[in-house]
Amino acid sequence: MKYWLMKTEPGCFSIDDLAALPKQTTSWDGVRNFQARNFMRDEMRVGDLVLFYHSVTAPGVVGIARVEREAYPDHTAFDPDDAHYDPRSTPDKPLWVMVDVRFVEKFCAPVSLRAMRGIKGLEGMELLRRGSRLSVMPVTEAEFRIVRDLGR
DNA sequence: GCCAACGTTGGC
DNA sequence: GCCAACGTTGGC
């Protein structure tokens, strides 16, 4: 089993939005970065756990989700009216993929990006690298546990 | 709102 | 294949 961190802008889609869905499950569409796509397509498996990260406003990890369905074509790329439309991607040859994730828990206290920078054991996190912009990235089990324990 | 860092595009 | 220009991300 692997561990991940996935970013979202809460103004667009927050952990509360996820928890409020009937099945508490959503398709993680709109990823348009090859490195992030490759992680989803090649390495993400059902049951993997995800640190749910809010960016922009109060950046930090706010909870945990779980992968419910492995990569399948991101149909929003086919839709000219969609903000993430990409004409290079077609139903025959989909370029972009998405996974489904399910709500697991919301932290009592969000683990802010600022706080994470000072925590021993998190120094190696991709998220903390200067200029890190990846929206889907792997984390180690140790990092996952540290962040989870801080949030609970 | 600013701007550093980064990925992507496209001319050559 | 190089690299400048550009657009985007995202912290602050």
Side-chain angles (χ1 to χ4, degrees), chain A residues 2-21 26-44 48-67 70-101 103-140 142-152:
Chain A
K2 286 196 163 77
Y3 299 87
W4 304 94
L5 183 145
M6 295 172 93
K7 290 183 187 175
T8 176
E9 292 188 26
C12 180
F13 187 81
S14 72
I15 194 160
D16 290 328
D17 294 331
L18 179 61
L21 293 172
T26 191
S27 55
W28 204 269
D29 59 41
V31 172
R32 296 294 181 268
N33 170 282
F34 288 103
Q35 205 180 344
R37 178 205 67 178
N38 293 348
F39 282 135
M40 291 200 297
R41 186 189 61 187
D42 304 334
E43 297 190 42
M44 238 181 229
D48 285 359
L49 293 175
V50 177
L51 295 174
F52 197 103
Y53 181 86
H54 282 177
S55 66
V56 183
T57 62
V61 178
V62 293
I64 295 171
R66 183 177 58 228
V67 176
E70 290 171 18
Y72 59 106
D74 180 349
H75 59 77
T76 66
F78 309 146
D79 179 2
D81 294 327
D82 193 278
H84 301 290
Y85 173 59
D86 185 345
R88 296 175 299 173
S89 187
T90 65
D92 281 348
K93 280 194 166 186
L95 183 62
W96 303 111
V97 300
M98 56 193 182
V99 298
D100 287 356
V101 301
F103 175 80
V104 173
E105 69 178 80
K106 181 181 175 181
F107 290 158
C108 308
V111 182
S112 71
L113 178 64
R114 185 192 231 269
M116 290 170 72
R117 291 193 188 282
I119 302 294
K120 200 179 169 204
L122 300 184
E123 305 89 349
M125 285 185 83
E126 165 70 22
L127 178 75
L128 305 186
R129 263 193 49 237
R130 231 167 103 79
S132 170
R133 282 169 35 183
L134 256 188
S135 63
V136 177
M137 66 187 85
V139 301
T140 68
E143 291 161 350
F144 180 88
R145 285 188 176 161
I146 290 170
V147 174
R148 181 196 59 194
D149 292 347
L150 287 169
R152 280 179 175 166

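Residue numbers begin at 1 in each chain, while the letters A, B, ... track the order of the sequences. Note that the coordinates shown come from a computational prediction; the quantities given were computed from them, not determined experimentally.
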Trainee: Per the side-chain contact (heavy atoms from CB on, under 4.5 Å) rule, which among A:Val61, A:Ile64, A:Thr8 passes with A:Phe52?
Mentor: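 Single pass found, and it is A:Thr8.
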
Trainee: Evaluate the side chain to side chain contact (heavy atoms under 4.5 Å, CB included) criterion for residues A:Val139 and A:Met125: first the C-alpha distance (whole Å), next the side-chain angles of each, then the deciding distance (0.1 Å), finally the verdict.
Mentor: CA-CA 7 Å; A:Val139 301; A:Met125 285 185 83; 3.8 Å; yes

Trainee: Please report, rounded to the nearest Å, how far the P atom of C:dG10 is from the CD atom of A:Glu9.
Mentor: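 After rounding, the reported distance stands at 7 Å.
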
Trainee: Can you tell me which nucleotide in C:dG11, B:dC6, C:dG10 comes closest to the side chain of A:Tyr53?
Mentor: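 Nearest to the side-chain atoms of A:Tyr53, counting from C-beta on, is C:dG11.
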
Trainee: Roughly, in whole Å, what's the span from CG in A:Leu128 to P in C:dG10?
Mentor: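 Result: 14 Å.
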
Trainee: Please determine if a side-chain N or O atom of A:Lys7 lies less than 4.0 Å away from the OP1 or OP2 oxygen of C:dT9.
Mentor: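 Negative; the distance criterion is not met.
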
Trainee: Roughly, in whole Å, what's the span from CG in A:Asn33 to C1' in C:dT8?
Mentor: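 The answer, rounded to whole Å, is 11 Å.
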
Trainee: Give one of base, sugar-phosphate or nothing for A:Arg32, where a contact means two heavy atoms less than 4.0 Å apart.
Mentor: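 Nothing: the residue A:Arg32, judged by heavy atoms under 4.0 Å, touches no strand.
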
Trainee: Taking atom P of B:dG7 as reference, at what distance in whole Å does atom CE of A:Met137 sit?
Mentor: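 Interatomic distance, CE of A:Met137 to P of B:dG7: 12 Å.
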
Trainee: So with a 6.0 Å cut-off around CZ of A:Arg117, is the heavy-atom count from everything else above 12?
Mentor: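 Yes, because the 6.0 Å sphere around CZ of A:Arg117 holds more than 12 heavy atoms from other groups.
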
Trainee: Figure out the CD/P separation between A:Glu126 and C:dG11, and round it to whole Å.
Mentor: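 The answer, rounded to whole Å, is 13 Å.
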
Trainee: Got a donor-acceptor contact below 3.5 angstrom from the A:Asp29 side chain to the A:His75 backbone?
Mentor: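 Flag not set: sc A:Asp29 to bb A:His75 has no pair under 3.5 Å.
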
Trainee: Using the side chain to side chain contact (heavy atoms under 4.5 Å, CB included) rule, take A:Val31 and A:Trp96 through it: C-alpha gap first, then chi angles, then the decisive distance, then the call.
Mentor: CA-CA 7 Å; A:Val31 172; A:Trp96 303 111; 5.5 Å; no

Trainee: Applying a 4.0 Å non-hydrogen cut-off, can you work out what A:Arg88 is touching in the nucleic acid: base, sugar-phosphate, or nothing?
Mentor: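 Here A:Arg88 touches the backbone only, sparing every base.
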
Trainee: Between P on B:dT8 and CG on A:Asp86, what's the gap in Å once rounded to a whole number?
Mentor: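 Going from CG in A:Asp86 over to P in B:dT8 covers 11 Å.
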
Trainee: Using whole Å, what does the distance between atom C1' of nucleotide B:dT8 and atom NE2 of A:His84 come to?
Mentor: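 It works out to 17 Å between those atoms.
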
Trainee: Using only heavy-atom distances, determine whether the side chains of A:Arg133 and A:Ser55 contain a donor-acceptor pair under 3.5 Å.
Mentor: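 Not at all, the side chains of A:Arg133 and A:Ser55 share no donor-acceptor pair under 3.5 Å.
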
Trainee: Let's see if you get this right: which residues in residues 112-124 of chain A place a heavy atom under 4.0 Å from DNA chain C?
Mentor: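 Contacts with DNA chain C under 4.0 Å: A:Leu113, A:Arg117.
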
Trainee: Which nucleotide wins on minimum distance to the side chain of A:Arg133, given the candidates C:dG11, B:dG7, B:dT8?
Mentor: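 Nearest to the side chain of A:Arg133 among the choices is B:dG7.
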
Trainee: Does A:Thr26 use its side chain to pair, donor to acceptor, with the backbone of A:Leu18 at less than 3.5 Å?
Mentor: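 Flag not set: sc A:Thr26 to bb A:Leu18 has no pair under 3.5 Å.
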
Trainee: Figure out the CG/P separation between A:Asn38 and B:dG7, and round it to whole Å.
Mentor: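 Between P of B:dG7 and CG of A:Asn38: 13 Å.
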
